[in-house]
Amino acid sequence: MPILYIINDSSLQRITDHHDRFIHTMRAIQGALIVASSIQIVAGYSQLWGLFSRFFSPLGMAPAIGLVGLGLFQRGFPMVGNCVEIGLPILLLVIGVSQYLKHTKLLKDIPVFERFPLLICISIIWIYSIILTASGTYRNRPDPTQTSCRTDKAYIISTAPWLGIGVLLDGLYGTGTGSTVSVENVGLLGFTRVGSRRVVQISAGFMIFFSILGKFGAVFASIPFPIFAALYCVLFGLVGAVGLSFLQFTNMNSMRNLIIIGLSLFLGISIPQYFNEYVTIQHGLVRTNAGWVSHATLDPCT
């Protein structure tokens with residue numbers, strides 16, 4: 001949302017040359033990222049967050065963390081519904097493997113289904129989707145269905161370069177968006193119960209490797225998005241559940257607490273829906289001659 005605010009800034013829109021406007025817009029975005037990240041780095045390393053966290057009560061943390069997961073509901077089943085024959089099976093398979101087979105040990109003293117449920121389910125449904133694509137199931141289907149279901153969309157594997165060093169340099173010197181911790185990682189941590197730093201380090205090494213070798217990255221990019229959407233349903237739901245679990249430390253027989261929780265949850269979901277209609281237009285709730293006022297109301301958080 002802040003990036004949209006910068007792109008729609010009136011001072012940048014007055015630049016007539018498209019190339020110059022793009023250069024100035026990218027510099028503004030990169031400058032904003034540098035300033036914002038610097039503040040976060042200072043706040044993190046100075047332990048300011050730890051000093052203020054003692055003032056956070058479970059009554060405030062429950063809706064705040066819960067809405068982080070529940071607020072992403074549009075990335076869940078609506079995306080699964082774009083290809084039900086792929087999204088729904090993996091959703092049911094993840095639930096079944098993680099909840100009913102977690103105590104089954106195929107290898108001695110290694111709970112494979114408890115540690116690797118997502119990897120196992122993604123592999124099975126991915127192979128299933130490849131079979132559907134190769135058999136011509138989506139040959140005469142509408143374009144949106146083919147985009148969501150096919151594993152060879154846009155021939156991404158055959159057209160991807162073997163080496164993607166340029167992409168790596170773009171990320172280092174001129175990325176247009178900031179890098180942040182994915183919300184689903186919180187759900188993944190609770191889902192697999194694996195919190196070792198070594199796992200994160202190995203995963204980072206794999207991501208660097210696949211980002212440089214374009215062919216390998218294209219293979220993973222061929223995974224239909226409904227597979228990820230089904231995982232979002234589980235992982236984002238876990239994030240919301242972690243937030244709501246803080247309610248066990250509050251007195252839910254108090255009408256005051258009930259009003260705070262209910263109002264926070266309802267408005268946290270309802271207010272963003274109200275602002276969604278202003279995302280694609282050139283001004284926010286207020287339309288004035290002062291461009292910064294109009295664009296600032298595009299998102300009250302900016």
Side-chain angles (χ1 to χ4, degrees), residues 1-5 8 36 39-40 43 49-50 52-82 84 87-88 91-92 94-95 98-99 177-178 180-191 225-226 228-288 292-302:
M1 193 64 72
I3 293 179
L4 289 177
Y5 167 72
N8 294 321
I39 296 175
Q40 295 175 355
W49 176 258
F52 286 107
S53 63
R54 68 183 65 180
F55 301 104
F56 299 154
S57 67
L59 193 62
M61 295 300 295
I65 300 178
L67 287 172
V68 171
L70 299 179
L72 297 171
F73 64 91
Q74 292 179 340
R75 295 179 177 268
F77 203 83
M79 298 297 178
V80 174
N82 291 336
V84 179
L88 196 58
L91 179 60
L92 299 176
V94 168
I95 296 174
S98 62
Q99 299 303 312
T177 56
T180 183
V181 177
S182 298
V183 177
E184 58 267 24
N185 287 343
V186 179
L188 185 62
L189 180 63
F191 195 73
F225 188 78
F228 295 108
L231 300 182
Y232 289 162
C233 292
V234 178
L235 300 181
F236 289 158
L238 279 176
V239 175
V242 169
L244 296 179
S245 66
F246 284 97
L247 296 178
Q248 63 182 312
F249 304 110
T250 63
N251 180 16
M252 297 308 296
N253 292 321
S254 171
M255 181 58 66
R256 171 182 174 274
N257 293 348
L258 290 175
I259 291 178
I260 293 175
I261 293 296
L263 193 63
S264 300
L265 290 175
F266 186 82
L267 292 182
I269 297 176
S270 181
I271 291 178
Q273 290 296 113
Y274 177 67
F275 281 94
N276 279 344
E277 59 181 296
Y278 296 97
V279 173
T280 57
I281 60 178
Q282 298 297 320
H283 61 86
L285 296 176
V286 180
R287 189 169 187 176
T288 66
W292 67 273
V293 175
S294 302
H295 294 305
T297 57
L298 182 66
D299 180 13
C301 296
T302 59

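Predicted, not measured: the structure shown is a model, and the values here were computed from it. Count residues from 1 along the sequence.
- Between L88 and F77, some side-chain heavy-atom pair lies under the 4.5 Å cut-off.
- The two residues A230 and G87 make their nearest non-hydrogen contact at CB-O, 3.5 Å.
- Residues satisfying the side-chain contact (heavy atoms from CB on, under 4.5 Å) test with F266, not counting sequence neighbours, are S270.
- Here the CG-CG distance, from L265 to L67, works out to 5.5 Å after rounding to the nearest 0.5 Å.
- Listed here is the closest heavy atom pair of P78 and N82: O-OD1, 3.5 Å.
- I269 is listed as a side-chain neighbour of F73, based on a closest heavy-atom distance under 4.5 Å.
- Ring pair F228/F225 is tilted by interplanar angle, where 30° to 60° counts as tilted.
- G81 and V84 get closest at one heavy-atom pair: O-CG2, 3.6 Å.
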Without placing hydrogens or testing angles, list every side-chain donor-acceptor pair under 3.5 Å for residues 244-253, not counting sequence neighbours.
residue	atom	partner	partner atom	Å
S245	OG	V242	O	2.4
Q248	NE2	S245	O	3.0
T250	OG1	L247	O	2.8
N251	OD1	N253	N	3.1

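- The nearest pair of heavy atoms linking C233 to L91 is CB-CD1, 4.0 Å.
- Here the closest heavy-atom approach between residue L70 and residue G240 is recorded as CG-CA, 4.3 Å.
- When all heavy atoms of A229 and M79 are compared, the closest pair comes out as CB-CB, 3.3 Å.
- In this structure, CD1 on I260 lies 12.0 Å from CE on M255, to the nearest 0.5 angstrom.
- Remark: L263 engages L267 in a side-chain contact (heavy atoms from CB on, under 4.5 Å) (not counting sequence neighbours).
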